[in-house]
Amino acid sequence: MTESPLTESPLLDVRNLTKTYTRRKGLFGKKETFIALDDVSFSVRAGEVLGIVGESGSGKSTAGRAIVNILKRTSGDIRFEGADPATMDKPALRAFRRRVQMIFQDPYASLNPRMTVEQLLRTPLTIHNLTATPEEDRKKLVTALDLVGLPETLLGRYPHEFSGGQRQRLNIARALMLNPALVVADEAVSALDVSVQAQVVNLFMDLRERLGIAIVFIAHDLPVVGVISDRIAVMYRGRIVELGETLALFTRPRHPYTAMLLNAAPAPDSTAISASGGISGSRCTSHPGISISGDSTFTGGTPIGSTPMGSHAPGNHAPHTGAPATEQPPEDEPADVTTGCAFRPRCPHAIAACAVEKPPVRTLPDGHMTACLRDDLVIDGPLAGKSPAPEPCYRERNTSHGT
Amino acid sequence: MNTVRRLLKIRTASAGLVLVALLALACVLVPPLLPRGPLQIDLHHRFLPPLSGIHPLGTDEIGRDILARLLAGARTSLLIGLSAMALSTVTGCITGGLTGFYGGWTRIILMRLVDAVLCFPTIFLLLTLASFGQPGAATIIGIVSLVAWMEVSRVVDGQIRALRDREFIVAVEAMGASATHMLLREFLPNIAGAIVVVSTLNVARAILMEAYVSYLGNGIQPPQPSLGNMLNDAQEYLRPDPWLAILPGIVIAIAVIGLNFIGDGLRTALDPRQSNASGSRR
């Protein structure tokens with residue numbers, strides 16, 4: 001269960017990935033550099049689900065786009081099955097494009113409005129010259145539709161005739177046409193209604209189990225990511241601040257930012273966690289950094305599987321469900337922290353040293369990685385004390401399927 | 001399908017379609033029925049007014065049948081308009097497609113070139129170019145498309161740039177689609193509407209330009225009739241025999257107005273915001 005990228009060659013290996021954008025202020029102005037990704041490293045094994053969480057602007061989508069090589073990176077190394085897509089020759093790149101698929105956030109925008117379902121699903125086959133006889137192609141289309149739970153009667157329809165969830169299923173079906181080894185799902189469920197989110201997440205879990213596809217699941221909603229991921233990388237301001245097994249991360253987050261995210265959202269197992277599951281010592285909830293602002297929409301709050309949440313009425317969670325901490329940094333935060341730890345201004349545990357040095361990523365004995373200088377923190381996550389195995393029951397809740 | 005139905009609901013557009021269709025049909029069907037050809041001279045019957053005997057629209061200064069000449073001229077005009085449109089649309093789509101898709105230096109150079117050409121007043125550009133070539137239909141088609149492709153190019157460039165970062169385009173790009181595939185299969189169906197609109201309006205413009213050039217003597221050469229050179233011939237007799245000028249003018253107006261109506265109608269019909277437009281527009 002522990003991460004061992006050295007002994008077992010991973011499907012995808014990302015090392016020191018950096019992406020900066022430079023912009024000139026005015027015609028002759030100074031150049032401005034924005035660091036979207038700062039020295040990001042992680043790996044994904046075959047069949048594994050890696051979750052990437054972070055608020056908007058944390059670089060998680062940039063990372064996703066860099067993985068599928070539609071974004072030119074500034075520096076760093078991405079190896080898929082041992083080869084770097086940026087230096088691949090044409091045939092190898094084509095193979096890469098077949099093996100790695102991406103699913104986008106907006107199911108409304110990611111399907112060509114002028115194409116029928118059949119044309120949309122045939123496109124990947126056309127692009128990769130995989131077309132066979134019309135009957136065989138059709139069989140493939142129907143299989144893909146079947147995998148995502150859509151009937152073949154929809155083949156002649158246009159995207160605008162579908163609901164958001166159905167469109168995302170179509171996107172997934174299209175990605176499956178090429179039998180990928182890795183799917184990068186960039187905020188794939190974020191635009192969907194909460195109940196539909198649960199269905200689509202279930203679909204992803206289902207596909208992973210049935211087809212052994214590895215998934216990089218990018219989202220801003222930690223509970224959603226927690227349901228599906230084997231491991232989770234938490235990003236903040238372009239850096240990975242914590243990376244570890246889902247269970248370990250939910251039980252004992254090592255980075256104060258992770259703790260803040262965990263606390264900002266209602267806990268997976270609702271019994272009394274949001275009330276008590278704070279950070280021992282100074283609790284996150286008392287910190288102004290996650291003070292709840294007005295826009296408590298559904299952006300990141302409620303966990304998927306909107307099944308009964310124990311005896312808690314939704315209202316009880318209200319202060320914790322609005323997701324400003326996951327989507328938008330609070331207003332009172334300084335826009336740029338150029339030295340030291342970027343999270344320092346919001347961190348309840350910041351010490352003087354945090355302002356001096358950018359905390360390096362430490363790998364703990366159990367394989368967990370964190371970029372926090374404080375190694376003396378003991379933070380209880382929502383699953384602390386819920387052992388032995390809270391995770392399976394968490395998953396059980398989401399096994400019902402629907403369309 | 002939907003677009004056609006919406007187009008027909010717009011009254012001006014239907015009127016435009018009827019006008020242009022009638023004109024085109026007349027050009028094809030009527031000439032064989034006429035007793036005299038467009039070039040046949042009859043010095044005994046000069047300057048006959050309309051509705052006289054076998055000449056329904058009268059005769060000109062050397063007794064040629066005006067109806068026959070009008071229809072022959074209109075046919076030439078329509079052919080020139082359509083060919084120039086085809087040529088400028090293809091050129092514009094290719095250049096606009098490349099600049100919109102690739103951006104960067106390609107775009108900067110090509111689009112500044114377009115800007116530069118657009119700076120000249122069309123009519124002077126047209127006449128200067130015409131003075132270089134042998135007068136004739138082919139030359140006119142060439143020079144008219146030479147001054148008309150920029151507009152198509154700009155439209156295509158803009159449309160493609162607007163779609164370039166849309167997720168469905170990025171999605172097929174991430175899937176490994178080639179530039180050709182993306183341009184032809186993904187972009188083109190989505191921008192075809194805009195291209196059709198500009199092209200229709202370009203046919204009308206090309207007809208007008210042909211008339212300018214022929215009127216000023218650099219276009220279709222006598223004795224071959226064209227709407228432009230018929231107007232030119234008519235100048236001398238404007239006072240005693242005004243129909244010589246009025247009739248070609250009417251035909252030009254029918255063609256240009258009809259095509260403009262169709263173009264405007266298409267613009268409205270293809271606008272996605274009009275998808276549930278009420279039937280009684282305009």
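Keep in mind it's a predicted model, so treat the numbers as computed, not measured. Chain identifiers are assigned alphabetically (A, B, ...) following the order of the sequence lines, protein sequences preceding nucleic acid strands; residue numbering begins at 1 within each chain.
- The minimum heavy-atom distance linking A:Gln101 with B:Met175 is given by the pair OE1-CG, 3.5 Å.
- Of all heavy-atom pairs between B:Ala171 and A:Arg174, the closest is CB-NH2, 3.5 Å.
- Across A:Pro113 and B:Asn190, no two heavy atoms sit closer than the pair CG-OD1, 3.5 Å.
- Among the candidates A:Arg65, A:Met115, A:Gln119, the residue making the largest number of heavy-atom pairs closer than 4.5 Å to chain B is A:Met115.
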ask   = After noting the C-alpha distance and the side-chain angles of B:Arg185 and A:Asn112, does the key distance pass the side-chain contact (heavy atoms from CB on, under 4.5 Å) rule?
value = CA-CA 10 Å; B:Arg185 301 278 189 89; A:Asn112 190 333; over 6 Å; no

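- Contact annotation for A:Ile103: neither backbone nor side-chain heavy atoms come within less than 4.5 Å of a heavy atom of chain B.
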task = Would you please test B:Val170 and A:Met102 for side-chain contact (heavy atoms from CB on, under 4.5 Å) and show each step?
result = CA-CA 10 Å; B:Val170 180; A:Met102 182 151 187; over 6 Å; no

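- Counting non-hydrogen atoms of other residues, nucleotides and ligands closer than 6.0 Å to CZ of B:Arg75 gives a total of 12 or fewer.
- With chain B as partner, the option from A:Leu111, A:Ile70, A:Asn171, A:Val184 having the largest number of non-hydrogen pairs under 4.5 angstrom is A:Leu111.
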